[in-house]
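Accompanying notes for the structure given below.
Just follow the structure's listing: the first ligand is 1, and inside any ligand the first atom is 1.
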Amino acid sequence: MRRSEDFSTSYERLTRPLVREHGELRPASWEEALDRAAAGFRQGIDRHGPNSFGMLSCARATNEMNFVAQKFTRVVVGTNNVDSCNRTCHAPSVAGLAAAFGSGGGTSSYSEIEDTDLIVIWGGNPRFAHPIFFQHVLKGVRNGARLFVVDPRRTPTAEWADRWFGLNVGTDIPLAHAVGREILHAGLANESFIERATSGIDEYRALVEPWTPAAAEAETGVPAEAVRELAHTYARAERAQLCWTLGITEHHNATDNVRSLINLSLLTGHVGRHGSGLNPLRGQNNVQGGGDMGAIPDRLVGFQDILDPGVREPFERAWGRPIQGRKGLNLTQMFEAMEEGELKTLYVIGENPVQSEPETHKTTARLRSLDHLVVQDIFLTRTAELADVVLPASAAWCESDGTFTNSERRVQLVRKALDPPEGARDDIEIMCALATRLGHPWERPAAEEIWNEVRSLSPMHRGMSYARLAELDGIQWPCYSEDALEPSYLHSRLWSKAPALRGDPAPFGIVGHSPPVDLLDEDFPFRLTTGRRLDDYNTGVQTGGFSSPLRRGELLDLSPEDAAKLGIEDGETVRVTSRRGSVLVPASVTASMRPGLVFMTFHFPHQVDTQLLTIDATDPIAGTAEYKAAAVRIERLGPRPAAEHRGAPDGALR
Ligand SMILES: Nc1nc2c(c(=O)[nH]1)N[C@H]1C(S)=C(S)[C@@H](COP(=O)(O)OP(=O)(O)OC[C@H]3O[C@@H](n4cnc5c(=O)[nH]c(N)nc54)[C@H](O)[C@@H]3O)O[C@H]1N2
Ligand SMILES: Nc1nc2c(c(=O)[nH]1)N[C@H]1C(S)=C(S)[C@@H](COP(=O)(O)OP(=O)(O)OC[C@H]3O[C@@H](n4cnc5c(=O)[nH]c(N)nc54)[C@H](O)[C@@H]3O)O[C@H]1N2
Ligand SMILES: [Mo]
């Protein structure tokens, strides 16, 4: 197979601030850039009020940085409009888990993945996207666990599985409901757990009743016999882990999808015990921590509800400023508010929405409509190219001290290993300099001082001093006191015999099926789903610079059956068109794809802008876009040699 050329754009680290003058970005001193950035924010707040400001905080940076970013937003500006790319991936998992159990974290630990009887990976490809977690999965398999994978594609993860359930994109709820129905009909439900720890079983029973294995087969493409096998194996397993990622959450009904999976654990009691649980595998290295630190619009640090005056009170006392008692805008709503002229200034720290949001043209136009855009990044991204002020930052993961929190809720210390390039400054230092210019003289605190403030305000982090984090090699939340540790899994209360200790019952999610918004028809007959490959990272900014024989640039994966039908050869460049735009991309014919399904990444936007094809239909609860389901058509370019067309973007349809 041929490599496509010229897809890698090597980004150079930013080392000088830039400011816009006469329409162009030009180098500036730090003083000038900080003054300009602060003056723009000041003007926006004075003219349009604090709620015209938005902050996108960096899910790759430390907890300490994210804590300061949300404090900047709430204290210096006075709004709750703070969010991050958590919105584009696991916000629905947090919402779904919180609705069922009161808190939004994954319930188990990596060590329990090694000590269980069944691992179901539903809508995730950890072999590529979570390789460290996948090592724990393989240890679990070596220790005797069975591995099931539910994914429209026969993924590299599925290659390692005992069973692969290839379903149609966007039919997870019918499959989950059919599994639930089969568990009930076969008498395999855990009746005593349901009775003691859950609510709503009667409505759930009625909800799933129409989803016979045959009805599920018709909708999902998974054979009825396989539906039964999935149900019986999950229900009969002594211990079982249900893990999911974006195949579940990047849909217009993502929170419902999550609820439909949680229902299966409530039916069987596979939650709240060692070795059994529910695990959304978080994406960015610190997206879990960013949310935990309150860099989200509806929660203060430690997942504390911003709407509760009793929760706000200690913060107002500590920070000497009232906190708005209403939810801020999430990332999706911020972009909508730009269009409505309500959001006027945006401070983007380490996010690249121009290339990560669906429907690029819309995103770009919305960002251009802002009065003032400040981008703080380690590279000059496409988003930074639109900014009024660009601030060069250090890379948190290796150039600063602090803590990160992983998918098993483990807070771990990181130590600065490298100095940032000359001219770049630490994210926290930059925010402190801006706060000072905006009337809040903030000395740059040491990372540990910030962490101690976190601990003073967040009960679930209280017991984690830096000394203890170092000594124990990380600690999982919750950790309420310095002399104790909690169990490695959440919600053991559900198993308590004493009703008083059991707390609120976990409700079944009564959620119906709703197929993808972008419908398939004669003009757009293929289902495009987008995701990741092993060698590249998100919008490619951080991986764009290196080359490896494995990296082939953007490709359209399609099945041998469809390739034969359309007369497409492996490596040939084709045109892919959705209702929103059109791109040229080399085809890769692979048996991992089922007929009717095609796959692309969004790793090579300089070569192929996949986001011209995606749709911005979003989940109403979590705000996550339906990146996983667009309708497209695929056309050959004709008899000309494909090489001529390689790499050229084809523009958008107007
Ligand atoms: N190498 C690498 N690793 C990464 C990243 C990266 O860019 N590169 N990004 C990180 C980030 S930010 C994240 S959030 C994670 C994401 O990690 P994953 O969610 O595992 O990655 P994706 O490839 O986006 O999607 C997972 C799977 O969803 C499947 N899928 C699509 N539609 C459906 C559906 O309707 N139902 C079901 N059941 N499955 C479906 C796809 O076929 C795909 O295999 O990865 C992280 N790790
Ligand atoms: N089509 C499609 N689109 C998707 C997805 C999909 O599956 N399909 N997945 C979505 C998901 S899950 C995600 S998470 C988003 C990701 O979307 P983004 O977060 O917008 O994309 P990244 O490429 O991860 O951008 C990270 C930026 O952070 C900068 N950065 C890294 N470290 C630091 C630091 O320490 N400080 C500062 N200041 N900057 C830093 C990098 O240089 C880079 O510009 O994309 C979403 N978009
Ligand atoms: Mo993500």
Side-chain angles (χ1 to χ4, degrees), residues 11 13-14 56-62 65 84-90 121-131 149-158 165 167-172 175 220 244-251 257 280-287 348-358 375-384 391-400 420 424 426-427 430 516 527-544 592-593 597 599-603 605 610-611 613-614 624-630:
Y11 287 90
R13 278 293 291 270
L14 277 167
L56 299 183
S57 180
C58 185
R60 284 145 295 275
T62 58
M65 179 272 156
S84 78
C85 64
N86 79 83
R87 200 57 49 198
T88 64
C89 37
H90 273 298
I121 311 249
W122 197 313
N125 183 16
R127 166 78 184 82
F128 273 15
H130 297 88
V149 170
V150 183
D151 199 298
R153 303 184 302 141
R154 192 180 179 108
T155 58
T157 304
F165 302 86
L167 83 173
N168 299 328
V169 168
T171 63
D172 296 277
L175 181 59
T220 68
W244 69 87
T245 52
L246 306 187
I248 285 299
T249 60
E250 285 185 342
H251 288 280
N257 277 347
L281 310 174
R282 305 300 301 259
Q284 309 271 355
N285 50 333
N286 200 33
V287 65
V348 179
I349 307 182
E351 298 278 335
N352 186 18
V354 167
Q355 295 179 319
S356 57
E357 286 292 291
V375 173
Q376 180 170 313
D377 205 291
I378 58 179
F379 295 109
L380 186 69
T381 61
R382 279 282 160 88
T383 307
L391 302 170
S394 59
W397 64 275
C398 58
E399 295 166 359
S400 57
D426 183 84
D427 283 308
I430 302 172
R527 181 57 75 202
L528 167 71
T529 194
T530 62
R532 286 150 177 86
R533 297 191 206 273
L534 180 62
D535 290 70
D536 289 280
Y537 189 70
N538 290 351
T539 67
V541 177
Q542 290 172 264
T543 43
S592 65
M593 302 300 287
L597 179 69
F599 175 81
M600 288 170 68
T601 77
F602 61 118
H603 297 321
T610 305
Q611 308 291 21
L613 305 173
T614 47
T624 306
E626 193 153 67
Y627 295 110
K628 291 287 182 263

So if I count the atoms of ligand 1 from 1 in the order they appear, which ones are less than 4.0 Å from some heavy atom of T155? 44 (O)
For ligand 1, which atoms sit closer than 4.0 Å to a heavy atom of F128? 1 (N), 2 (C), 3 (N)
For the side chain of H90 and the backbone of T245, is there at least one donor-acceptor N/O pair under 3.5 Å apart? no
Could you give the distance from OG1 (T601) to CZ (R532), rounded to the nearest 0.5 Å? 9.0 Å
Look only at the side chain of S592 and the backbone of R153, and say whether a donor-acceptor pair between them is shorter than 3.5 Å. no
When you compare the side chain of L246 with that of Y627, does any pair of heavy atoms fall below 4.5 Å? no
Who pairs with S57 by side-chain hydrogen bond (donor to acceptor under 3.5 Å, both in side chains), at least two apart in sequence or on another chain? N66
Under-4.0 Å salt bridge between E351 and R87: no
Where ligand 1 meets W122 - atom numbers and elements under 4.0 angstrom, heavy-atom basis: 38 (N)
Using atom types as modelled and distance alone, determine if a side-chain donor or acceptor of N257 lies under 3.5 Å from a backbone N or O of I248. yes
Just by modelled atom types, is the A395 backbone N or O under 3.5 Å from a matching donor or acceptor in the E399 side chain? yes
Donor-acceptor check, side chain of H251 to backbone of E626, threshold 3.5 angstrom: yes or no? no
Please examine the side chains of L175 and V150, heavy atoms only from C-beta on, and report whether any two atoms are closer than 4.5 Å. yes
State the atoms of ligand 1, each with its element, that fall below the 4.0 Å cut-off from a heavy-atom position in G170. 34 (C), 35 (O)
In ligand 1, the atoms that come under 4.0 Å of a heavy atom of L534 are 1 (N)
First-shell residues of ligand 2 [heavy atom, distance under 4.0 Å]: C58, R60, C85, T88, C89, L246, E250, Q284, I349, G350, E351, N352, P353, S356, Q376, D377, I378, F379, T381, A393, S394, A395, A396, D427, T530, R532, Y537, N538, T539, V541, Q542, F602, Q611, T614, Y627, K628
Would you name the heavy atoms of A424 and L14 that are closest together and state the gap between them? CB-O, 4.0 Å
Under 4.0 Å from any heavy atom of G123, which atoms of ligand 1 are there? 26 (C), 27 (C), 28 (O), 37 (C), 38 (N), 39 (N)
Under 3.5 Å, N or O to N or O, is D151 touching ligand 1 that way? yes
Quick note on ligand 1: atoms under 4.0 Å from a heavy atom of V150 include exactly 38 (N)
For ligand 1, is there an N or O atom under 3.5 Å from any N or O atom of T171? no
Show the atoms of ligand 1 that are less than 4.0 angstrom away from any heavy atom in R533. 1 (N), 2 (C), 8 (N)
